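Heads up: the structure comes next, in structure tokens.
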Amino acid sequence: MSETVTATQPKARLARTFAPQSGFAPWNDPKKAPIVRFENVTKRFGDFVAVKNVTLNIYEREFFALLGPSGCGKSTLLRMLAGFEKPTEGRILVGGNDITDLPPYERTDVNMMFQSYALFPHMTVEKNIGFGLRQEGMAKADIEARVAEAMALVELQKFAHRKPHQLSGGQQQRVALARAIAKKPRIMLLDEPLGALDKRLRQSAQFELMRIQETTGTTFIIVTHDQEEAMTVASRIGVMNHGELTQISTPGEIYEAPESRYVAEFIGDVNLFEGKVASLSQGMAEIDWVGGGRFKSAAVPAGLSVGQQVWLGLRPEKIIISLHKPAVETNVISGKVDDVGYLGSTSHYHTKVATGQRVTALRANMAQSAEANIKWEDDVWLSWPADAGVILTK
Amino acid sequence: MNTRFSWFNITSIVLGFAFLYVPILLLIIYSFNESKLVTVWGGWSTKWYAGLLDNQALIDAAWVTLRVGLVSATIATILGTLAAIVLARMGRFRGRTLFSGLVFAPLVMPEVITGLSLLLLFVALNFDRGFWTVIIAHATFSMCFAAVVVQSRLLDFDKSVEEAAMDLGATPVKTFFQVTLPIIAPAVISAWLLSFTLSLDDLVIASFTTGPGATTLPIKIYSQVRLGVTPEINAVSTIMIALVAIGVLLASIASKRQAIRQEKETRAVDAGAG
């Protein structure tokens with residue numbers, strides 16, 4: 001599945017992506033062996049299919065995010081890697097070895113940080129962090145050194161002798177992280193690690209996670225339902241829906257070149273225009289919009305045919321809103337402002353168009369804006385360049 | 001406390017407590033009665049307490065009761081904890097409903113039936129009735145109470161704590177002894193105390209399953225009462241009440257002290273960190 005997902009057309013369009021590219025892309029290197037491989041993994045609970053035939057490669061030093069709404073199977077996938085659930089079908093490989101049948105306590109390459117933190121309430125911070133090392137039968141002096149190292153990494157030294165109930169939520173979260181990291185696993189699993197923190201703390205914790213991932217060089221796999229979090233931390237994102245991986249791409253590709261309406265709508269805001277393909281020529285597609293009018297799009301997915309039902313997906317910031325009709329032939333429609341959302345740095349304009357649907361356009365609030373003061377009930381024009389949108393077929 | 005008591009509240013509290021404690025109070029007062037006749041007040045005296053020390057049969061019975069209680073409570077707690085773990089942790093296995101039914105049925109089973117069926121079993125097995133048969137019987141019926149207490153603790157216990165221990169490399173046995181047991185320890189201790197108390201005051205099952213040389217205190221008291229209530233019995237009962245009251249008091253003081261210590265710890269660390 002991953003091969004088909006990464007090798008399709010969207011690559012070509014990445015030139016216009018402004019998302020930062022680090023040059024770290026082991027998934028594009030066919031010689032690189034994955035550190036984790038899910039091979040046709042299916043998990044059923046009775047009649048319910050939690051994970052449906054997932055094949056996924058994750059590479060060393062990656063920060064991989066599994067993203068999806070609750071109940072989409074992302075946590076089940078993670079728990080199968082940790083060993084708490086057994087796949088109904090398929091196998092899981094770590095470093096090329098089949099670990100499908102190993103119990104959790106024999107999976108030494110993998111450690112997990114739990115959503116509830118799962119700290120041992122009867123042990124101090126120090127004892128919590130050293131628990132995993134004591135299980136290995138490590139010498140006492142070595143344990144102390146490793147615990148001190150882990151506590152320094154998350155800045156918890158002051159709290160070494162406290163019990164979990166004497167810590168704040170943010171501190172507990174760091175203990176949970178340190179406890180898993182102290183084992184120096186090759187792969188760290190994080191199940192909604194920041195879900196219980198408030199928004200401000202969550203943002204600083206995200207950068208904290210990225211810093212730790214970089215300094216330790218560990219492969220991180222995070223499960224989250226927060227798309228912003230996934231976009232911030234991850235090198236690649238796997239979007240899940242009803243137990244299936246619908247797209248695996250970098251954050252930039254996911255945002256700029258979603259492969260389905262589901263992915264486009266789940267990540268960020270998107271306006272969808274339904275229509276039929278009218279013509280195809282020279283890397284350009286013409287679409288007859290159901291609301292009347294013909295759009296041109298330069299983003300033509302492979303295998304598109306004339307007459308096919310498609311949706312043109314447009315991000316709000318790519319739509320230009322103006323009071324006067326712009327001097328362009330195509331990709332311009334009229335509408336009436338329905339609602340204005342002022343967010344400080346930007347404003348959202350919700351506009352009713354011919355089909356009755358609401359189209360959202362986003363504009364930065366600059367003092368020198370030529371077209372200031374678009375108000376409620378104003379008749380406006382919405383336009384966009386031919387390369388601004390994506391054609392979605394499903 | 002600025003809630004004002006209405007007359008209705010005061011009356012109902014007084015009546016309620018009177019209903020519960022006046023009989024016990026009377027028993028305690030009459031244990032200090034000089035007169036040999038239970039119903040006639042003859043002045044204050046502690047002679048019945050002194051007399052107890054000479055009553056070897058009563059002391060023997062108390063000793064048997066204590067030993068039966070200790071051993072049966074321990075057996076019941078171990079078995080009850082195991083049953084609770086199976087019920088709370090094993091998920092849905094074949095026969096789970098039957099198993100939980102079998103564990104909890106003795107809770108509602110009339111004691112007479114439990115006692116009688118155990119007696120029939122011991123007779124059928126040709127078991128000599130005595131100290132050990134009482135222990136087995138008590139462990140059997142108090143086990144289900146222990147299971148209920150431990151299970152309720154296990155049910156509100158975050159299962160991922162155990163998963164975390166296993167994820168960090170602890171085998172299931174190590175996880176149980178290093179993580180699960182320390183966390184559920186308070187519930188296990190109260191299960192033990194409950195089993196011990198149930199064993200102490202059981203009369204019906206003990207009288208079915210006991211044999212020569214294993215007369216427990218409740219049996220002894222009951223058999224003496226049939227011949228007429230003596231102030232001596234009142235004295236024994238008063239001592240039992242005092243012991244239980246002291247035990248409850250000590251337990252609550254200990255838990256209160258721990259709470260205060262914990263709070264102090266937190267404050268001290270906060271001050272140090274701040």
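Bear in mind the structure is a predicted one, so any value in this text is a computation, not a measurement. Numbered from 1 within each chain, the chains take letters A, B, ... in sequence-line order.
- When every heavy atom of B/Ser160 is checked against every heavy atom of A/Ser116, the shortest pair comes out as OG-OG, 2.9 Å.
- In terms of heavy-atom pairs under 4.5 Å with chain B, the best-connected choice from A/Tyr105, A/Phe120, A/Phe114, A/Tyr117 is A/Tyr105.
- At a 4.5 Å heavy-atom cutoff, the contact between A/Met123 and chain B is made by side-chain atoms alone.
- Rounded to the nearest 0.5 Å, atoms OG1 (A/Thr108) and CG (B/Leu168) are 12.5 Å apart.
- Residues of residues 63-100 of chain A having a heavy atom under 4.5 Å from any heavy atom of chain B, listed by number: A/Arg79, A/Ala82, A/Phe84.
- Rounding to the nearest 0.5 angstrom, the gap separating the NE2 atom in A/His122 from the CD atom in B/Gln178 is 8.0 Å.
- Looking at B/Asp158, only its side chain comes within 4.5 Å of chain A, counting heavy atoms on both sides.
- The contact list for residues 124-147 of chain A toward chain B, using heavy atoms and a distance under 4.5 Å, reads A/Phe131, A/Gly132, A/Gln135 by residue number.
- No other option in A/Ala182, A/Ala176, A/Ala180, A/Pro104 has as many heavy-atom pairs under 4.5 Å with chain B as A/Pro104.
- If you measure heavy-atom distances from B/Ala165 to chain A, the contacts under 4.5 Å come from both the backbone and the side chain.
- Counting non-hydrogen atoms of other residues, nucleotides and ligands closer than 6.0 Å to CZ of A/Arg61 gives a total of 12 or fewer.
- Of all residues spanning residues 190-216 of chain A, none has a heavy atom less than 4.5 Å away from chain B's heavy atoms.
- Among all heavy-atom pairs drawn from A/Leu119 and B/Val161, the shortest one is O-CG2, 3.9 Å.
- Heavy atoms of B/Glu162 lying under 4.5 Å from chain A are absent altogether.
- Listed by chain and residue number, B/Phe196 satisfy the ring-ring contact (aromatic ring centres under 6.0 Å, His included) test with B/Trp192 (two or more places apart in sequence, or in another chain).
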